[in-house]
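Whatever order the structure lists them in is the order used to number ligands and atoms, beginning at 1.
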Amino acid sequence: GALSRGVPDPCQDPRAARAARGKLCIPTWALPAQHPVWLGYAVQELSLATPGLAGCSQALSSLSWFFQASKKLVAATGQQCLPVSMDVRQPQSIAAAVDEALQEFKRIDILINGAAGNFLCPASALSFNAFKTVIDIDTMGTFNTSKVLFEKYFRDHGGIIVNITATLSYRGQALQVHAGAAKAAIEAMTRHLAVEWGPNKIRVNSLAPGPISGTEGFRRLGGKFAEQSKQFSAIPLQRAGNKTEIAHSALFLASPLSSYVTGTTLVVDGGSWLTSPNS
Ligand code: HXC
């Protein structure tokens with residue numbers, strides 16, 4: 001909720017952006033140190049630490065976690081937070097969530113497209129539906145949500161879109177053809193939308209995290225011993241990343257600090273993809 005009011009596009013209102021920065025953005029963005037989930041301010045949860053929430057078609061039991069996160073955001077920032085739930089594969093459910101957020105806050109400034117589904121699976125064992133499911137959540141979900149928000153608000157008011165991608169496709173990582181293809185498409189989409197929507201004062205960028213400790217992606221892709229992994233020595237910075245580092249990077253892309261940046265991908269992986277073995 002706080003962010004829906006913070007970080008106005010500086011192209012539209014630089015004074016408002018300056019005024020809002022200290023009051024609204026920083027406290028909220030600082031929170032992901034513990035909870036890398038920003039909800040309510042936009043329309044889609046960041047799923048990196050969101051077990052079971054990837055496709056948003058979660059059972060009600062998962063939602064208690066969702067509301068707890070919302071309460072923590074409010075307590076930590078003193079700002080409003082409206083938790084909205086939707087399935088990014090269902091444009092109508094996105095539209096309903098965006099309408100709810102707009103009704104509450106009258107504006108949306110930033111969209112973080114973070115919903116994702118993933119698992120390790122060799123291409124030979126991957127069913128057609130498994131591949132499609134990940135494309136539907138990651139790629140279609142990013143397009144669906146961006147398009148709904150464009151039509152309902154960003155086209156006339158400008159805005160900022162940050163797409164969470166991954167470096168999986170850069171070296172053709174094994175067991176990840178579904179997620180790698182889905183994320184590569186998102187990076188292409190980032191460039192296309194940046195070109196088409198730039199004149200509407202919309203910036204579109206991607207953020208590609210590497211191995212980030214304490215996240216669902218880390219557990220799923222690295223296995224249960226991922227946190228103790230000795231393989232960090234292969235990473236140029238010799239360690240896993242942490243949630244705060246992703247939060248700071250997202251803050252950069254979503255704030256006026258990157259006001260002339262669009263259509264690019266910020267890789268935040270300690271140099272990992274440059275040296276990681278393809279295994
Ligand atoms: C093979 C699998 C599978 C698995 C599901 N499927 N899990 N195939 N291995 N582990 C197949 C199913 O058999 C089915 O195909 C199809 O996928 C759809 O499965 P459903 O369960 O019906 O779909 P749904 O409930 O909509 O979602 C499934 C899911 C979801 C996408 C796998 O459970 C999920 O991903 N949850 C995790 C969310 C998450 O952790 N997200 C963060 C990812 S981290 P059939 O043919 O049988 O019908 C990330 C960052 C990477 O991506 C960072 C790198 C460092």
W197 ring center near F154 ring center (under 6.0 Å) = no
Without swapping roles, check the side chain of N205 against the backbone of V261 for a donor-acceptor pair under 3.5 Å.
-> yes
So, is N129 polar-close to ligand 1, with some N/O to N/O distance under 3.5 Å?
-> yes
Considering only heavy atoms, which of G210, G217, A125 lies nearest to atom 55 (C) of ligand 1?
-> G210
Could you pull out the closest heavy-atom pair between I160 and L253, with the gap in Å?
-> CG2-O, 3.6 Å
Could you go step by step and tell me if E187 and K183 meet the salt bridge (charged side-chain N to carboxylate O under 4.0 Å, His left out) rule?
-> CA-CA 6 Å; E187 292 196 358; K183 297 295 195 181; over 6 Å; no
Subset of ligand 1 atoms that lie under 4.0 Å from at least one heavy atom of S127 = 15 (O), 45 (P), 46 (O)
Can a non-hydrogen atom of C121 be found less than 4.0 Å from any atom of ligand 1?
-> yes
Count the heavy atoms belonging to other residues, nucleotides or ligands that lie under 6.0 Å from CD of Q103, then report whether that count exceeds 12.
-> no
Using distance alone, decide if ligand 1 has a nitrogen or oxygen within less than 3.5 Å of any nitrogen or oxygen in L120.
-> no
With under 30° as parallel and over 60° as perpendicular, where do the rings of F232 and F218 fit, or are they tilted in between?
-> parallel
Within the distance-only criterion (no hydrogens, no angle test), does the side chain of N200 pair as donor or acceptor with the backbone N or O of I202 below 3.5 angstrom?
-> no
Going by the 4.0 angstrom heavy-atom rule, the piece of T133 near ligand 1 is side chain
Atom indices of ligand 1, in the order listed, that fall short of 4.0 Å to a heavy atom of A116 | 38 (C), 39 (C), 41 (N), 42 (C)
Part of R89 with heavy atoms under 4.0 Å of ligand 1, whether side chain, backbone, both or neither | side chain
When you look for heavy atoms under 4.0 Å from ligand 1, do you find them on the side chain of I137, its backbone, both, or neither?
-> side chain
Step through the shown structure and confirm whether more than 12 heavy atoms of other residues, nucleotides or ligands are within 6.0 Å of CZ on F143.
-> no
Element-labelled atoms of ligand 1 that are located less than 4.0 Å from some non-hydrogen atom of N118 | 35 (O), 43 (C), 49 (C), 52 (O)
Location of contacts on A166 toward ligand 1, heavy atoms closer than 4.0 Å | neither
Are any of the N or O atoms of K183 closer than 3.5 Å to those of ligand 1?
-> no
